[in-house]
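Residue numbers start at 1 and run along the sequence shown.
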Amino acid sequence: MHDPSSPVEWTEDGLPRSRLYDDVYFSSQDGLAESRAVFLAGCGLPDAWAGRRRFTVGELGFGSGLNIAALLTLWKQTSAPDARLALFSVEAHPMSAADARRALGRWPEIAEAAQALTDAWPSGARGFHRLELPAFRASLDLAILEVGAALEAWDGAADAWLLDGFAPAANPDMWRQEVLDRVAARSAPGARAATFTVAGAVRRGLTQAGFAVDKQPGFGRKRERLEARLPGEAVIVDAPASVAVIGAGIAGCCLAAALTRRGVRVLLVDEAGIGAGASGNPAALVTPRLDAGLGPVAALFAQAFRHAVDLYDAIPDAVLARGALQLAVGERDPGRFAKIAASDLFAPDELALLDAAAASARLGEPAGPALAMAQARVVEPAVLLPALAGAAEPVQARVERLERTAAGWRLLDAAGGEIALADAVILAAGTDSARLAPDLSLRPVRGQASWAEGAHETPAVAFGGYAIPTRAGLLFGATHDRDREDRDPANEDDSRNLATLAKGLPALAASLAGRPLSSRASIRATTTDHLPLAGAVGDDGLFVLSGLGSRGFCLAPLLAEHLAARLAGAPSPLPRDLARLVEPERFAAGASIQAT
């Protein structure tokens, strides 16, 4: 059945055509041959990446993903075994994964890449989507945005550009001078560009943007195509060979995963070992912060949330439950929920407003309206964290001081002995990070969670507190006490958790009366503006990932990718405006450290 919301219509001979632009997605003669001749050969590939450990390709017009699938196939066949490919593409009107599978299924020689792409195919939510393609040593940042906004937001520098928007006559906005100028601004010296069109406006636009432009023989019925090149030679920035990550909670383990994927040796340093701090509860609820302002902060949490869900779903046995309800606790909440659910920051099927009757049916007890979050996850840290830590080298020690030397960063113990030596250091130890970088704006918040063993049918639910399934029972809580750092569990805090649970789910709370409870207290790190810290501390190889508050399992995967990209000289998955939200320098011009 035809989907009227789809941008694709299918011709009688089974080819996809844009319903919005009345133009074909690829040549009817042989789209794959066209892609190879016009775009890959037109950018000098694979010769251009010979001997390179990192290469970046940008594309305007993602369409069916054909160019990217062809490129991934060529990369896997010809690149060095330790090389990584960074891809960036723009698509304002994405087709569905099903349509993409149908379109790409014509060419069995790119079947592996097509399968990887369509398996990771993003939702239609507005913004940046990071698609990890580990079998190809590649990642793709797909911007579902208008082209000008996407280029303005991307922080990469492409070595090659595939300019494959619909024809200039059908889609003139894709080819306007402002867009071509931004392509040049987001290019490395010596970058090459290729396109199927030789329209005069495009030739003049590329020339004005600084490219040297040449006509070349075209593909199929097209007599000519364009190749273009910027002057200069690419400057290769090497990633640090080794990074010490201090802290082995969700932030540190996500950093370990992101860095080891890039071939960096990671020393994962923690006094008590993996998951001993705030990330060590029996279960964790992964939801976005619900911000009805729908501005940059809302976009940050929406992007981080979908990235976290994609990562956790790929780890065997890490997900305990899917979906959650956010109960309305104030009379304004249903309106807020409806506004967020209707926004384009989430795909249409990801959030749904439930009336009181529907929410009550889900919960098995009376409740008010609720927001159903289909993509919410409950994860098991005991499975998740070791899987993320992966090939990192564990170092169980307490770091008292950092010392910057010509050989790198020395991590020192209380006696001045060297624990480790690394080219760069990332502080990911919650509030304990401030011992080593005192100017960091971090505040402690003590939280105690409680849990009971035994079967419970209640789905994951949040209501000011939360109740979520564990492997063996039900976890609920948690207290929220600012500026407290005591870690011993307290009976009165279990009572507070039960009282909070009774306000949201009274029948569930009553069923726990008199039951033995276990509990755990930990310290979360927050900032004064309630946004995380992810960036450089000074300019000499010290970084921080902290201040995640109670959203660590939502925020850490994306922010770890952002930091790993910064260290490796690769494009960040974060748009520029969102990266500015998390930079530590928003609090101070510089930061000092305890050093000898």
Test item: [X] and [Y] side chains (from C-beta on) under 4.5 Å apart, heavy atoms:
X    : Y    : answer
L531 : F301 : yes
L578 : L581 : yes
L475 : V378 : no
F587 : T528 : yes
V399 : V425 : no
M373 : P288 : yes

>> Could you work out, with ring-ring contact (aromatic ring centres under 6.0 Å, His included) as the rule, every residue matching F543, not counting sequence neighbours?
In response: none
> Got a sec, which residues hit ring-ring contact (aromatic ring centres under 6.0 Å, His included) with F55, two or more places apart in sequence or on another chain?
Replying inline: W49
Minimum heavy-atom separation for [X] to [Y], with atom names?
X    : Y    : answer
A251 : A428 : CB-CB, 4.1 Å
S519 : D494 : CB-OD1, 3.1 Å
Q326 : A462 : OE1-CB, 3.4 Å
G538 : A536 : O-CB, 3.5 Å
L545 : I426 : N-CG2, 4.2 Å
L427 : A437 : CD1-CB, 3.7 Å

>> Tell me which one of I246, V537, L436 satisfies side chain to side chain contact (heavy atoms under 4.5 Å, CB included) with V544.
In response: V537
> Of L558, L131, L555, which meets side chain to side chain contact (heavy atoms under 4.5 Å, CB included) against H307?
Replying inline: L558
> Which residue pairs satisfy the salt bridge (charged side-chain N to carboxylate O under 4.0 Å, His left out) criterion with at least one member in residues 417-426, sequence neighbours excluded?
Replying inline: R410-E418
> Can you list every pair that meets salt bridge (charged side-chain N to carboxylate O under 4.0 Å, His left out) and has a residue in residues 374-392, with sequence neighbours left out?
Replying inline: D313-R377, E380-R471
Rounded to the nearest 0.5 Å, what separation is found between the [atom1] atom of [X] and the [atom2] atom of [Y]?
X    : Y    : atom1 : atom2 : value
F476 : L517 : CZ    : CG    : 4.5 Å
L559 : Q303 : CG    : CD    : 9.5 Å
L442 : D432 : CG    : CG    : 10.5 Å
F88  : F62  : CZ    : CZ    : 12.0 Å
L388 : L255 : CG    : CG    : 10.5 Å
S450 : D493 : OG    : CG    : 8.0 Å

>> Are more than 12 heavy atoms, taken from residues, nucleotides or ligands other than D483, located less than 6.0 Å from that residue's CG atom?
In response: yes
[Y] backbone acceptor or donor facing [X] side chain under 3.5 Å:
X    : Y    : result
R586 : V582 : yes
Q448 : A490 : yes
S546 : L533 : no
T470 : G473 : yes
D413 : A397 : no
W409 : D540 : yes

Exercise answer: donor-acceptor pairs, residues 67-75 side-chain atoms, under 3.5 Å, sequence neighbours excluded:
residue, atom, partner, partner atom, Å
N67, OD1, S35, OG, 2.6
N67, ND2, E59, OE2, 3.0
N67, ND2, D164, OD2, 2.8
T73, OG1, A69, O, 2.8
W75, NE1, F136, O, 3.1

Using the side-chain hydrogen bond (donor to acceptor under 3.5 Å, both in side chains) criterion, which residues pair with [X]? Sequence neighbours excluded.
X    : result
Q396 : none
D82  : R53
R52  : D159
D486 : R446, R484

>> If you apply the rule side chain to side chain contact (heavy atoms under 4.5 Å, CB included), what do you find for V395 with L411, and how did you get there?
In response: CA-CA 11 Å; V395 179; L411 282 62; over 6 Å; no
> Can you tell me if R551 and T287 form a side-chain donor-acceptor pair at under 3.5 Å?
Replying inline: yes
> Side chains of S79 and R137: is there a donor and an acceptor less than 3.5 Å apart?
Replying inline: yes
>> Can you tell whether the side chains of D155 and R566 come within less than 4.0 Å, N to carboxylate O?
In response: yes
> Do R306 and E350 sit within salt-bridge range, that is, some charged N less than 4.0 Å from a carboxylate O?
Replying inline: no
For residues 263-286, which side-chain donor-acceptor pairs fall under 3.5 Å, sequence neighbours excluded?
residue, atom, partner, partner atom, Å
R265, NE, E393, OE1, 3.4
R265, NE, E393, OE2, 2.8
R265, NH2, E393, OE1, 3.1
D270, OD1, A272, N, 2.9
D270, OD1, G273, N, 3.2
D270, OD2, A248, N, 2.9
E271, OE1, R398, NH1, 3.4
S279, OG, I250, N, 2.9
N281, OD1, R520, NH1, 3.3

Can you give me every donor-acceptor pair (side chain of residues 138-145, partner residue at least two apart or in another chain, under 3.5 Å) with its distance?
residue, atom, partner, partner atom, Å
D141, OD1, R130, NE, 2.6
D141, OD1, R130, NH2, 3.3
D141, OD2, R130, NH2, 3.0

Donor-acceptor pairs under 3.5 Å, side chain of residues 568-577 to any protein atom, not counting sequence neighbours: which ones?
residue, atom, partner, partner atom, Å
S572, OG, H562, ND1, 2.7
S572, OG, L574, N, 2.9
R576, NE, W154, O, 2.9

> Step by step, would you call H480 with T500 a side chain to side chain contact (heavy atoms under 4.5 Å, CB included)?
Replying inline: CA-CA 12 Å; H480 186 90; T500 300; over 6 Å; no
